[in-house]
Undergrad: 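Dumping the structure here so I can ask a few things about it.
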Amino acid sequence: MEREWSIELGGPWKIQHFEPGEKPALELAAPGLDDRYWIGADVPGDVHSALIRRGVIDSPYYGHNDAKCRWIERKEWWYRTTFTLDAGPDPAAGERAELVFEGLDTFATVYVNGHEVGKTANMLMSHTFDVTRLVRGGWNSLAVKFDPLHLHHRDKEQFEWSSYTKERPWLRKAAMNFGWDWGPRLVTAGVWGKVRLNLRQLAKLEGFYAYTASLAEDRSEAVLVVEAETRALASGVRAEVELRLLDAEGHAVAEAVRPVEESRKSLYTGRRAKTAAELRVPAPRLWWTHDLGEPYLYRLEVVLRAEGREVDRYVQPFGIRTVELALRDEADNRSFTFVLNGVKIYAKGANWIPADHMIGAIPEERYRELVELSVLGHMNMLRVWAGGIYEKDVFYEECDRQGVLVWQDFAFANALFPDFNRDFMENVRQEVADNVRRLRNRASLALWCGNNEIDWLVDMKSAAGDITGPFYGESIYHELIPELLEELDPARPYWPSSPYGAEDGFDANDPGTGDRHNWQVWHGSVYPRMYGEPPRLDYSMKGVTFKNYKRDLALFSSEFGMHASANRYTLERNIPAGEFYWGSPEMAYRNKDTNHQKGILLMESFTGIPRDIEEYMNFSMLTQAEGLKYGIEHYRRLKPRNSGALVWQLNDSWPGTSWSMIDYELLPKASYYYGRTFFHPLLLSLEHEPGEPLKVWVVNDTADSLKGTVSLKIYRLDDGSLVSEKRFDFEAAGFAPAQRVGELSEPEALAGAASAEEVMVELTAQGFGAPANRYYLRDPKDLRLPQASLAAEIDREAGTVTVTAAAGRGAARLVKLELPLGRVRYSDNYFDLLPGESRIVEVRHPEGLPLPWDRLRVSALNE
């Protein structure tokens with residue numbers, strides 16, 4: 001290519017605010033404006049993070065500071081920068097200059113050298129402007145004006161239902177910025193994605209689509225279909241497309257050259273030229289999730305040549321794999337099973353929300369760490385929830401690279417949307433097309449989903465009388481999106497909503513069809529429920545307890561969970577001095593859920609009600625960890641009926657109390673460490689209720705056949721002595737259904753030597769690599785826990801802590817290591833120790849920062 005370039009306009013940028021309409025726009029966009037007193041800002045970024053960095057505002061996450069920042073959303077904000085070009089584009093030579101914004105939040109007007117080039121009305125997509133006649137050789141200016149949102153919704157119709165705020169249905173912006181039940185209202189503005197200036201010649205690639213059309217049974221050949229869309233920038237241009245697939249070592253394994261065909265009309269844009277080819281790959285290496293194999297990535301190159309010279313190219317990692325959603329099994333029973341490369345998988349993972357309320361300022365390393373933590377936690381699927389964004393490229397890059405499947409919601413969450421409005425629907429059409437074209441080549445992307453909870457809750461709220469009109473928005477999920485996907489990404493499954501699948505007169509959240517959100521636990525929803533039946537809630541210990549999971553026979557559990565405290569460090573650094581105590585107004589402010597009594601009821605029935613902040617952190621962490629263990633082990637014992645469990649939620653967007661397994665400072669909670677066992681591909685589990693038999697189960701989610709023995713041992717809590725032991729032989733094929741390998745009664749297990757309140761149960765495997773799993777026969781509040789004593793020995797050079805429970809002093813429950821630092825990685829935490837037992841814990845920081853060993857705290861629930 002002779003004169004093509006792509007320049008990232010990363011700054012320096014400056015920002016300033018004004019009252020809406022305070023000054024003429026062309027005055028503030030003028031190239032010669034004196035902006036030396038404006039505030040420095042990063043791009044990508046946002047106004048809030050820029051003001052924090054410059055000390056203009058305090059962190060909105062500290063105390064009640066978010067309330068002090070509300071003025072930001074009422075102002076008109078301007079961004080300005082300059083750039084220099086050696087020479088401008090030459091239109092006569094077929095050159096074009098395009099200005100590309102990967103993210104503008106939200107109502108923006110763009111000016112180049114003082115000229116208005118266009119407006120935007122959507123945070124959730126990229127925007128491209130032809131600036132060929134405006135940019136020039138030498139110095140250039142770029143300005144962007146952001147309107148306050150209220151100017152664009154104040155005269156709009158308000159609908160009967162829009163969770164948390166009535167203003168957002170007309171605004172194509174991340175819903176969680178307006179506040180959710182796990183985060184504050186923080187209405188951002190700014191340039192939240194990268195900005196590029198591209199010079200093109202003669203023709204350009206508008207995009208390409210590649211998918212694995214088939215895999216031969218012997219895996220000896222893969223057939224890839226690659227489509228490239230092009231657009232001529234000059235008339236009469238002769239063009240061809242070269243397609244190449246290269247392996248990880250850079251060797252070409254398949255290639256083809258195709259002439260550009262005649263233009264065709266697209267649903268979502270004007271006329272474009274298109275060419276397609278089949279690439280046959282001998283002996284392909286397939287992309288697998290990390291738990292089933294290697295997430296092998298090839299490199300796909302698409303090169304556009306015009307008049308014999310290269311004028312454009314796309315290069316992207318590409319995984320050879322097929323993915324299907326099976327809604328029926330071999331016996332024609334209903335199912336909801338992901339099939340990867342012909343293998344039915346069990347989806348284990350969590351729901352993903354934006355990693356910060358200030359989306360533009362999230363560092364890429366934060367994405368990498370969260371995906372890595374998911375992999376270390378044996379998760380193989382993340383669901384990108386509808387109330388956030390279509391995530392940044394780095395998220396999908398990491399999921400591709402690390403072998404994690406992505407369930408991708410479209411950005412419609414818990415509201416009615418004006419699908420009767422032509423302008424709104426055209427905006428949505430462009431948003432959907434833009435994001436589908438950006439993400440459709442990702443190996444990790446397994447499913448498109450139309451919305452979060454809307455189909456289900458419209459029925460619930462209509463039955464309750466809260467919605468009396470039509471289902472506004474229905475045509476988006478059941479017409480517009482599937483029509484676009486049929487054109488743009490027909491090889492990937494689509495699911496209209498989550499939950500969805502009502503049949504036989506039951507509602508959309510029934511366990512008999514589709515996927516399910518279990519909110520009996522925590523929210524107290526009463527089920528079963530028929531379609532059209534008024535919803536009921538049971539706010540009682542019995543109504544919200546996680547023991548209700550065992551009544552759930554869902555085919556796929558895509559949302560369920562319960563609150564737990566964030567870690568001590570995360571809370572202490574964001575709560576004013578003197579306010580870090582149980583029951584304080586500041587602690588209550590960390591919890592954005594409705595009806596805080598739900599968490600109290602859960603703890604009251606399981607651990608007892610906490611008396612201080614230490615007990616609250618421990619009790620809530622233990623309740624969440626044991627509750628998720630109880631539910632997920634139950635779902636996995638239903639295999640193959642149940643084929644997935646995605647916890648609500650993986651991460652936090654601010655330092656609060658929520659359903660997350662990993663808090664805002666990237667410090668995992670107890671549930672995360674428990675999950676390393678309950679999400680492990682090889683699971684030993686105990687099914688038991690007080691007074692009932694102890695039933696031992698094995699789940700094998702691997703391709704390998706297993707043969708061995710499972711040992712069930714009963715230990716006394718006071719001295720660690722062995723009460724009884726029972727062995728069960730076991731054999732199962734790869735990917736086998738869950739198997740109950742044996743059982744024994746409580747009296748047999750206790751052998752007359754102890755009571756159920758004073759023992760621990762341990763399951764271990766011999767002959768295969770399942771991790772040990774520990775249980776108690778009674779809830780924590782009913783156990784006779786002795787007073788434990790812990791000793792900790794630090795080896796700073798090795799970065800390890802050896803924790804030992806003193807012999808003869810009793811078992812230690814919920815042993816916890818804490819350092820006053822974020823992002824600390826512990827090889828294990830929140831574990832139990834028998835008397836005299838030791839555990840070596842490796843401790844490190846992902847950036848190698850020195851650890852404050854002198855401030856290490858090691859404690860246990862009963863120390």
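Throughout, residue positions are numbered sequentially from 1 according to the sequence presented. The structure displayed is predicted, hence computed values, not measured ones. Any value given below was found using the heavy atoms of this structure, including those in side chains, with hydrogens, waters and symmetry copies removed.
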Undergrad: Sorted by first residue and then second, give each salt bridge (Lys or Arg N to Asp or Glu O under 4.0 Å) pair with at least one member in residues 405-421; sequence neighbours left out.
TA: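 For residues 405-421: R383-D409.
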Undergrad: Classify the side-chain pair Y494/E486 by whether it contains a donor and acceptor separated by less than 3.5 Å.
TA: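 The criterion, which ignores hydrogens and geometry beyond distance, is not satisfied for E486 and Y494.
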Undergrad: Going through the checks in order, is the side chain to side chain donor-acceptor pair (under 3.5 Å) test met by E391 and W352?
TA: CA-CA 10 Å; E391 273 298 349; W352 171 284; 2.9 Å; yes
Undergrad: Any chance CZ of R70 has more than 12 other-residue heavy atoms, nucleotides or ligands included, within less than 6.0 Å?
TA: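 Correct, the count exceeds 12.
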Undergrad: Between CZ of F18 and CD of E76, what distance do you get to the nearest 0.5 Å?
TA: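 Reported value, rounded in 0.5 Å steps: 7.5 Å.
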Undergrad: With E98, which residues qualify under salt bridge (charged side-chain N to carboxylate O under 4.0 Å, His left out), at least two apart?
TA: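 Counting only residues at least two positions away or on another chain, E98 forms a salt bridge (charged side-chain N to carboxylate O under 4.0 Å, His left out) with K204, R231.
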Undergrad: Classify the side-chain pair T468/E160 by whether it contains a donor and acceptor separated by less than 3.5 Å.
TA: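 Side-chain D/A pair, T468 to E160: present.
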Undergrad: Rounded at 0.5 Å granularity, tell me how far CH2 in W654 sits from CD1 in I353.
TA: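 Between W654 CH2 and I353 CD1, I get 11.5 Å after rounding to 0.5 Å.
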Undergrad: Evaluate the side-chain proximity of I362 to K392: yes if any heavy-atom separation is below 4.5 Å, no if none is.
TA: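 They are in contact (side-chain heavy atoms under 4.5 Å apart), so the answer is yes.
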Undergrad: Is any side-chain heavy atom of P60 less than 4.5 Å from a side-chain heavy atom of I52?
TA: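 Yes, side chains in contact.
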Undergrad: Would you please test I389 and M176 for side chain to side chain contact (heavy atoms under 4.5 Å, CB included) and show each step?
TA: CA-CA 9 Å; I389 61 172; M176 46 83 75; over 6 Å; no
Undergrad: So, does D434 use its side chain to make a donor-acceptor pair with the main chain of S126 at under 3.5 Å?
TA: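 Side chain of D434 to backbone of S126: a pair is present.
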Undergrad: Strictly by modelled atom types, are D66 and H357 linked by a side-chain donor-acceptor pair under 3.5 Å?
TA: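 The answer is no; no qualifying pair exists.
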Undergrad: Per the side chain to side chain contact (heavy atoms under 4.5 Å, CB included) rule, which among L28, I15, L33, L142 passes with R80?
TA: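 Passing option: L33.
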Undergrad: Do L646 and S557 come within less than 4.5 Å of each other through their side chains, counting heavy atoms only?
TA: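 No. Closest side-chain heavy atoms not under 4.5 Å.
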Undergrad: The test is salt bridge (charged side-chain N to carboxylate O under 4.0 Å, His left out); show your working for E397 and R368 and say whether it passes.
TA: CA-CA 9 Å; E397 289 166 5; R368 295 189 184 99; 5.6 Å; no
Undergrad: Determine whether N441 and Y396 satisfy the following criterion, side chain to side chain contact (heavy atoms under 4.5 Å, CB included), listing intermediate values before the conclusion.
TA: CA-CA 10 Å; N441 297 314; Y396 304 98; over 6 Å; no
Undergrad: Identify the two heavy atoms, one from C69 and one from I57, that lie closest to each other, and give their separation to 0.1 Å.
TA: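 Scanning both residues, the minimum pair turns out to be SG-CD1, 3.8 Å.
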Undergrad: Is the backbone of W38 close enough, under 3.5 Å, to the side chain of D35 for a donor and an acceptor to pair up by distance?
TA: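 Here the side-chain-to-backbone pair does not exist.
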Undergrad: Do M358 and L186 have side chains that get closer than 4.5 Å, going by heavy atoms?
TA: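 Sidechains of L186 and M358: in contact.
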Undergrad: Shortest non-hydrogen contact from T570 to P655?
TA: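 Smallest heavy-atom distance, with atoms named: CG2-CB, 3.7 Å.
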Undergrad: Under a 3.5 Å cutoff, is there a donor and acceptor pairing between the side chains of D400 and S444?
TA: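 Judged by distance alone, the side chains do pair up.
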Undergrad: Please name the pair of heavy atoms, one in V458 and one in S462, separated by the smallest distance, quoted to 0.1 Å.
TA: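 Between these two residues, the closest heavy atoms are O-OG, 2.7 Å.
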Undergrad: The test is side chain to side chain contact (heavy atoms under 4.5 Å, CB included); show your working for L171 and F178 and say whether it passes.
TA: CA-CA 11 Å; L171 310 176; F178 299 96; 3.8 Å; yes
Undergrad: Please indicate whether Y589 has more than 12 foreign heavy atoms, meaning atoms of other residues, nucleotides or ligands, lying under 6.0 Å from its OH.
TA: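 Yes.
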Undergrad: Answer whether the closest heavy-atom distance between the side chains of N414 and N452 falls below 4.5 Å.
TA: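 Touching, per the 4.5 Å side-chain cut-off.
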Undergrad: If you take all heavy atoms of A97 and V135, which pair is closest and at what distance?
TA: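 In terms of heavy atoms, the two residues are closest at CB-CG2, 3.8 Å.
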Undergrad: How would you list all residue pairs meeting side chain to side chain donor-acceptor pair (under 3.5 Å) that involve residues 175-194, not counting sequence neighbours?
TA: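 Checked against side chain to side chain donor-acceptor pair (under 3.5 Å) - neighbours excluded - the pairs reaching residues 175-194 are E73-R185, D105-T188, Y164-D181, E167-R185, K173-N177, K173-T188, N177-T188.
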Undergrad: With side chain to side chain contact (heavy atoms under 4.5 Å, CB included) as the test, would you mind laying out the steps for V117 and Y111 before giving the verdict?
TA: CA-CA 6 Å; V117 298; Y111 302 85; over 6 Å; no
Undergrad: When you measure from the side chain of T81 to the backbone N and O of P12, does any donor-acceptor pair fall under 3.5 Å?
TA: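 Checked: pair present.
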Undergrad: Do R438 side-chain atoms and Y390 backbone N/O form a donor-acceptor pair below 3.5 Å?
TA: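 Yes: the side chain of R438 pairs with the backbone of Y390.
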Undergrad: Compare all side-chain heavy atoms of W161 with those of L457 and state whether any distance is below 4.5 angstrom.
TA: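 When only atoms from C-beta onward are counted, L457 and W161 do touch, with a gap below 4.5 Å.
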Undergrad: Could you walk me through whether Y37 and Q16 satisfy the side chain to side chain donor-acceptor pair (under 3.5 Å) test, starting with their C-alpha distance in whole Å, then the side-chain angles of each, then the deciding distance to 0.1 Å, before giving a yes or no?
TA: CA-CA 9 Å; Y37 299 116; Q16 189 54 274; over 6 Å; no
Undergrad: Using the six-membered ring of Y664, assess whether NZ or CZ of R366 lies under 6.0 Å from its centre and within 45 degrees of the ring axis.
TA: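 The answer is yes; both the distance and angle limits are met.
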Undergrad: Give a yes or no on whether the backbone of L447 and the side-chain of R492 come within a donor-acceptor separation of less than 3.5 Å.
TA: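 A pair under 3.5 Å: no.
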Undergrad: Quick one: is the NZ or CZ of R172 closer than 6.0 Å to the six-membered ring centre of F107, and within 45° of its axis?
TA: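 Because its charged atom misses either the 6.0 Å distance or the 45° angle limit, R172 does not stack over F107.
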Undergrad: Do the side chain of N427 and the main chain of A121 share a donor and acceptor less than 3.5 angstrom apart?
TA: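 Flag set: sc N427 to bb A121 pair under 3.5 Å.
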Undergrad: When you measure from the side chain of S660 to the backbone N and O of L650, does any donor-acceptor pair fall under 3.5 Å?
TA: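 Not confirmed, S660 side chain does not pair with L650 backbone.
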Undergrad: Please list all pairs passing the salt bridge (Lys or Arg N to Asp or Glu O under 4.0 Å) test where one or both residues lie in residues 144-154, with sequence neighbours left out.
TA: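 Counting only pairs at least two positions apart or across chains, the salt bridge (Lys or Arg N to Asp or Glu O under 4.0 Å) contacts touching residues 144-154 are K145-D147.
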Undergrad: Find the distance between OG (S653) and CG (D356) and round it off to the nearest 0.5 Å.
TA: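 S653 atom OG to D356 atom CG measures 7.0 Å (nearest 0.5 Å).
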Undergrad: Return the minimal non-hydrogen interatomic distance between P148 and H152, and the atom names on each side.
TA: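 Result for this residue pair: O-CD2, 3.8 Å.
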Undergrad: For F159, enumerate each residue passing the side chain to side chain contact (heavy atoms under 4.5 Å, CB included) test, keeping only those at least two apart in sequence or located in another chain.
TA: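 F159 satisfies side chain to side chain contact (heavy atoms under 4.5 Å, CB included) with E157, P169, W170, L416, P418, F420, Y472 once adjacent residues are dropped.
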Undergrad: Is a side-chain donor or acceptor of N435 paired with a backbone partner of L124 at a separation under 3.5 angstrom?
TA: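 Flag set: sc N435 to bb L124 pair under 3.5 Å.
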Undergrad: Check each of Y477, W385, W448, F417 against F410 using the ring-ring contact (aromatic ring centres under 6.0 Å, His included) test, and report the only one that passes.
TA: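 Only one option passes, and that is W448.
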Undergrad: Are side-chain N/O atoms of S497 and W495 paired as donor and acceptor at under 3.5 Å?
TA: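 Side chains of S497 and W495: no pair found under 3.5 Å.
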Undergrad: Are any non-hydrogen side-chain atoms of L104 and V191 less than 4.5 angstrom apart?
TA: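 Touching, per the 4.5 Å side-chain cut-off.
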Undergrad: Any side chain to side chain donor-acceptor pair (under 3.5 Å) pairs touching residues 47-60, not counting sequence neighbours?
TA: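 The answer is D42-R53, D46-S49.
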Undergrad: Are side-chain heavy atoms of V371 and C399 found at a separation under 4.5 Å?
TA: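 Yes; the side chains approach each other to less than 4.5 Å.
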Undergrad: Measure from the side-chain N and O atoms of R590 to the backbone N and O of G63, and report whether any donor-acceptor pair falls under 3.5 Å.
TA: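 Confirmed, R590 side chain pairs with G63 backbone.
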Undergrad: Answer with yes or no whether the side chains of Q649 and N351 bring together a donor and an acceptor at under 3.5 Å.
TA: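 Judged by distance alone, the side chains do not pair up.
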Undergrad: Between G193 and V43, which heavy-atom pair has the shortest distance, and what is it?
TA: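 What the structure gives for the nearest pair is O-CG1, 3.9 Å.
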Undergrad: W522 pairs by ring-ring contact (aromatic ring centres under 6.0 Å, His included) with which of H596, H517, H563?
TA: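 It is H563; the other options fail the test.
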